[in-house]
Amino acid sequence: MRRNFIIHSVSEHLFQIRIAQSEHVFQTAGGVMARAKSIEKPQALPNVRERLLDAAEALFAEHGFHGAPMREITALAETRLANINDQFGSKEVFFQEVIARRAPLINADRLAMLEAVRASRSKAAQIRSVVEAFSQPLLVRSLESEGWRNYLRLLAQLTNSRSVVLLLIAEHFSPMATMFSEKIGQILPHLSPRQQMNAYQLMVSSAMAVFSDNRRIDLMSGGAESSSDFASHHEDMVKFVTGGILKLAEPCAAAQLEHCKV
């Protein structure tokens, strides 16, 4: 009877071993199948969207909206062309997203500085503060990364453009344009609406020229100066634009009245 008990125990143990082996084979096969499926359908990397935006930022800054091929962008981002459609849907939306990624940060910086302009100071000091409120955030951001410098080059490229792509990004900058124009008018109430808007536009053009990094001053100076020396060019621009806006508000001499009516 003891012999039968031993045989039964051994048989039961072997049966449990076979079950365990079968479960291991099943689990192993399942793991192999799961890995095979992951190989068959590679998943997009978690940061593919950011890589695409970074690459587009650099190539749009270099070649413009129309001149930057999507294949070059995906090659730089090391991803598939299909990911642009998956992530953004169209080139226009893609471009909007490139602009929209950083625009709120600049606008917040500008607004904080604009609201800090003190009416108790002289008009010249207030106008300088307005110019700095617009441009100083760009200088600070330019020191953060190559991505920011590419973004500023892209904005500089768009500043004097008549491209229809401006309509795609107007929502990010038009409200701020109104606020700056009105602030200039509050400080210098003798300016006409036209002069207020021109003061703003000329400030924008001058400020963005600083960050265009177009190497023109390098050529003009024979290499003695560099267009990437943003800090030096920024200070020159602030003085230049401040003086220009203040000059707009100067009363006209009688002999020149016909040429400077507002």
Where is the tightest heavy-atom contact between [X] and [Y], given as atom of each residue plus distance?
X    : Y    : result
H172 : A103 : CB-CB, 3.9 Å
A55  : I73  : CB-O, 3.5 Å
S228 : D213 : N-OD1, 3.3 Å
V48  : Q87  : CG1-NE2, 3.7 Å
L152 : M208 : O-CE, 3.6 Å
F94  : I84  : CE2-CD1, 3.8 Å

In terms of side-chain heavy atoms, does [X] have a donor or acceptor partner in [Y] at a distance below 3.5 Å?
X    : Y    : result
S226 : D229 : no
S129 : R121 : yes
S227 : H233 : no

Students often mix this up, so state it plainly: with edges at 30° and 60°, are the rings of F60 and F95 parallel, tilted or perpendicular?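 It falls in the perpendicular class, over 60°.
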If the plane angle is over 60° it's perpendicular, under 30° parallel, otherwise tilted; pick one for H234 and F211.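 Ring orientation, 0 to 90° scale: tilted.
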Hey, is the main chain of [Y] close enough, under 3.5 Å, to the side chain of [X] for a donor-acceptor pair?
X    : Y    : value
E57  : Y151 : no
S181 : A177 : no
T79  : A75  : no
K123 : I187 : yes

NZ/NE/NH1/NH2 to OD/OE distance under 4.0 Å, [X] and [Y]:
X    : Y    : value
R153 : E62  : yes
R49  : D86  : no
E97  : R101 : no

Hey, what do you get for [atom1] ([X]) to [atom2] ([Y]), rounding to the nearest 0.5 Å?
X    : Y    : atom1 : atom2 : value
E72  : L81  : CD    : CG    : 12.0 Å
R80  : L52  : CZ    : CG    : 10.5 Å
E225 : L219 : CD    : CG    : 13.0 Å
N47  : L53  : CG    : CG    : 11.0 Å
H63  : L154 : NE2   : CG    : 12.5 Å
R51  : T74  : CZ    : OG1   : 11.0 Å

Are [X] and [Y] side-chain neighbours, meaning at least one heavy-atom pair lies under 4.5 Å?
X    : Y    : result
K239 : T242 : no
E250 : L246 : no
L114 : V130 : yes
M203 : I127 : no
Q157 : S212 : no
L188 : Q196 : no
S135 : V210 : no
L158 : F173 : no

Linking I/L/V/M/F/W/Y whenever their side-chain heavy atoms sit closer than 4.5 Å, directly or via other members, would [X] and [Y] fall into one cluster?
X    : Y    : value
L111 : Y200 : yes
F180 : L248 : yes
F240 : V204 : yes
L202 : L155 : no
M113 : M176 : no

Checking salt bridge (Lys or Arg N to Asp or Glu O under 4.0 Å) for the pair E144/R149: CA distance, chi angles, key distance, verdict? CA-CA 8 Å; E144 292 185 11; R149 291 187 287 276; over 6 Å; no
Please test Q126 against R118 for side chain to side chain contact (heavy atoms under 4.5 Å, CB included), starting from the C-alpha separation and ending with a verdict. CA-CA 7 Å; Q126 289 182 68; R118 291 179 295 167; over 6 Å; no
Run the side chain to side chain contact (heavy atoms under 4.5 Å, CB included) check on Q136 and L139 step by step: do they pass? CA-CA 5 Å; Q136 190 77 28; L139 180 61; 4.0 Å; yes
I'd like to know whether R110 forms a side chain to side chain contact (heavy atoms under 4.5 Å, CB included) with L138, so could you lay out the CA-CA distance, the side-chain angles of the two residues, the decisive distance to 0.1 Å, and finally the verdict. CA-CA 9 Å; R110 285 172 169 166; L138 307 182; 3.5 Å; yes
Please assess L105 against W148 for the test side chain to side chain contact (heavy atoms under 4.5 Å, CB included), listing each intermediate value before the final yes or no. CA-CA 11 Å; L105 300 175; W148 268 105; 3.8 Å; yes
Stepwise salt bridge (Lys or Arg N to Asp or Glu O under 4.0 Å) check, R128 with E235: CA-CA 11 Å; R128 181 184 172 99; E235 178 59 24; 3.2 Å; yes
